[in-house]
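These notes concern the structure reproduced below.
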Amino acid sequence: MRTTILLIAAGSTIPVAFSVSRISFGSVWWSRPRSLRAHNHLFVAYADIGLTIALCTFASPLLALHGATTFAVVGAYVAHFVRFRVVIAHLVFSSAVIVALAARAVYDGHPIGMVLYFALVSLVASNGIVLMLSAYSTAFKSTMQTQLDWANTDALTGALNRRGFTVAADGIVAATPPVAVMMLDVDRFKQINDAYGHSVGDAILSRLAARVQELAGPDAVVGRLGGDEFAIALRAAPGAVCTLLHAIQETPIDVLSGSPVTVSIGAVIYREWPMLSHEYRDLLEQATALADEALLMAKNAGRNTHTIIDPDHVAEAAPERHIAPIDSLRSRRRPIHPPSTHGHGRHS
């Protein structure tokens with residue numbers, strides 16, 4: 001009977017091992033996706049119960065106590081891949097099994113000192129490995145998250161840098177429309193740096209990033225792509241995008257006393273799923289290229305304005321200053337794909 005139970009338990013490990021081997025352990029450890037939680041919990045329950053059944057087949061309870069140290073193997077998985085309450089459940093279950101095996105050994109007449117020794121070794125081995133690896137895993141993940149945040153964050157403004165923006169915005173652009181991507185930069189930023197110094201320029205960029213993030217909201221992705229150029233990606237209807245554009249331009253950056261700093265903005269709005277042009281690798285690259293072209297149009301229209309490219313192939317430019325109501329827009333037709341390269345560059 002014992003042999004049959006052991007053979008069944010051993011045979012069941014083959015399909016389980018095959019199933020577990022197909023899991024991407026790196027992604028499970030890092031994000032613990034909800035879709036795999038039940039799978040992980042079932043595996044831990046299978047391992048704990050299966051090991052307990054195998055230990056109960058041992059003729060010698062002292063040998064079973066010694067074998068209970070293999071709970072540490074299950075504990076190594078538990079420490080990295082399941083939630084805290086499952087860790088606690090595993091610790092309670094394995095400890096209860098070890099205590100029960102020790103009680104059985106005492107009942108069978110084995111010396112109490114020897115039983116306590118085997119039980120203590122099993123408890124320390126099976127539970128200690130879980131506690132140590134859990135602490136290490138949590139600390140290591142926290143350190144990696146900090147390093148990742150630093151690698152994807154602009155040190156000056158606290159906004160995402162180009163790499164971080166690309167990673168975060170890619171998911172937004174690929175989401176269900178409507179979505180929008182905006183590019184904006186500070187008007188005549190080079191002249192401001194030359195006249196007032198880079199410390200003033202840095203203060204302008206920091207305040208602009210904070211203001212844009214506040215106005216765009218927590219669900220928007222805001223990044224500094226370089227210099228004085230920022231990008232925004234968000235899921236929003238065209239009306240909400242226009243409201244955001246107006247809000248950014250109607251709130252001047254008051255760093256230079258008596259001389260409000262203005263910005264120009266280019267935006268592309270996708271009301272429906274866009275067609276990806278063969279010139280671009282993905283939708284985000286296409287959207288940022290279009291928003292950048294719209295920004296160039298806003299600069300050429302006199303700065304302190306914005307241009308919107310919409311999926312109906314219409315570009316709208318608002319030439320009014322941010323201190324005046326923007327309620328009349330001049331429109332012109334243009335293709336949705338980026339135009340050919342112009343000979344002139346962007347003026348800051």
Side-chain angles (χ1 to χ4, degrees), residues 33-35 159-160 162-185 212-225 229-250 263-301 305-320 322 325-342 346:
R34 186 179 298 273
S35 59
L160 294 173
R162 182 180 289 272
R163 182 194 300 109
F165 177 81
T166 299
V167 172
D170 189 60
I172 290 182
V173 174
T176 305
V179 298
V181 174
M182 309 178 198
M183 303 280 283
L184 63 119
D185 65 16
V212 169
Q213 186 68 74
E214 179 184 1
L215 293 173
D219 295 330
V221 175
V222 178
R224 181 189 176 200
L225 303 189
E229 189 170 54
F230 291 82
I232 310 169
L234 71 163
R235 295 190 68 239
V241 173
C242 291
T243 300
L244 176 58
L245 291 172
H246 297 168
I248 293 174
Q249 290 193 302
E250 290 171 357
V263 297
S264 298
I265 309 174
V268 58
I269 303 175
Y270 291 127
R271 307 174 192 231
E272 300 175 355
W273 288 106
M275 295 292 293
L276 178 62
S277 170
H278 67 278
E279 302 174 54
Y280 303 106
R281 293 171 297 179
D282 51 45
L283 291 177
L284 179 60
E285 184 180 5
Q286 176 174 288
T288 52
L290 288 172
D292 196 54
E293 178 64 21
L295 175 58
L296 178 61
M297 293 167 61
K299 289 287 189 183
N300 292 336
T305 185
H306 67 259
T307 302
I308 301 173
I309 298 176
D310 67 21
D312 297 323
H313 302 182
V314 175
E316 299 175 339
E320 293 85 348
H322 66 272
I326 305 177
D327 48 12
S328 60
L329 303 179
R330 56 186 177 86
S331 303
R332 53 174 169 161
R333 299 292 294 180
R334 57 165 281 132
I336 193 64
H337 56 77
S340 58
T341 304
H342 297 288
R346 180 185 306 152

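If you're wondering where the values come from, they're calculated on a predicted model, not measured in any experiment. Hydrogens, waters and symmetry mates are skipped; everything else that's a heavy atom, side chains included, is used.
Separation of atoms CG (L290) and OG1 (T307) is listed at 12.5 Å; rounding is to 0.5 Å. Atom NE2 of H246 is separated from atom CG of L215 by 13.0 Å, given to the nearest 0.5 angstrom. To the nearest 0.5 Å, atoms CD (E293) and CD1 (I309) are separated by 6.5 Å. For the atom pair L160 CG and L225 CG, the distance stands at 10.0 Å (nearest 0.5 Å).
Heavy atoms only, all atoms of each residue included: A231 and M183 are closest at CB-SD, 3.7 Å. The shortest non-hydrogen separation linking I248 to V263 is CG2-CG2, 4.0 Å. Closest approach of I232 to A220, counting heavy atoms only: CG2-CB, 4.4 Å. Closest approach of A287 to V268, counting heavy atoms only: O-CG1, 3.4 Å. L244 and L234 make their closest contact through CD2-CD1, 4.1 Å (heavy atoms, listed as atom of the first residue, atom of the second, distance). The two residues F165 and L284 come nearest to each other via the heavy atoms CE2-CD1, 4.5 Å.
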### Task
Please report the C-alpha distance between V241 and L245 in whole Å, then the side-chain angles of each, then the deciding distance to 0.1 Å, and finally whether the side-chain contact (heavy atoms from CB on, under 4.5 Å) criterion is met.
CA-CA 6 Å; V241 173; L245 291 172; 4.3 Å; yes

### Test side-chain contact (heavy atoms from CB on, under 4.5 Å) applied to T288 and D292, step by step
CA-CA 6 Å; T288 52; D292 196 54; over 6 Å; no

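Side chain of E285 to backbone of R281: a donor-acceptor contact under 3.5 angstrom is found.
Considering only residues two or more places apart in sequence or on other chains, E214 meets the side-chain hydrogen bond (donor to acceptor under 3.5 Å, both in side chains) condition with none of them. Remark: S264 pairs with D187 by the side-chain hydrogen bond (donor to acceptor under 3.5 Å, both in side chains) rule, at least two apart or across chains.
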Residues 167-180 side chain polar contacts: donor-acceptor under 3.5 Å, at least two apart:
none

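Proximity of D219 to R235: side-chain heavy atoms (C-beta onward) are nowhere separated by under 4.5 Å.
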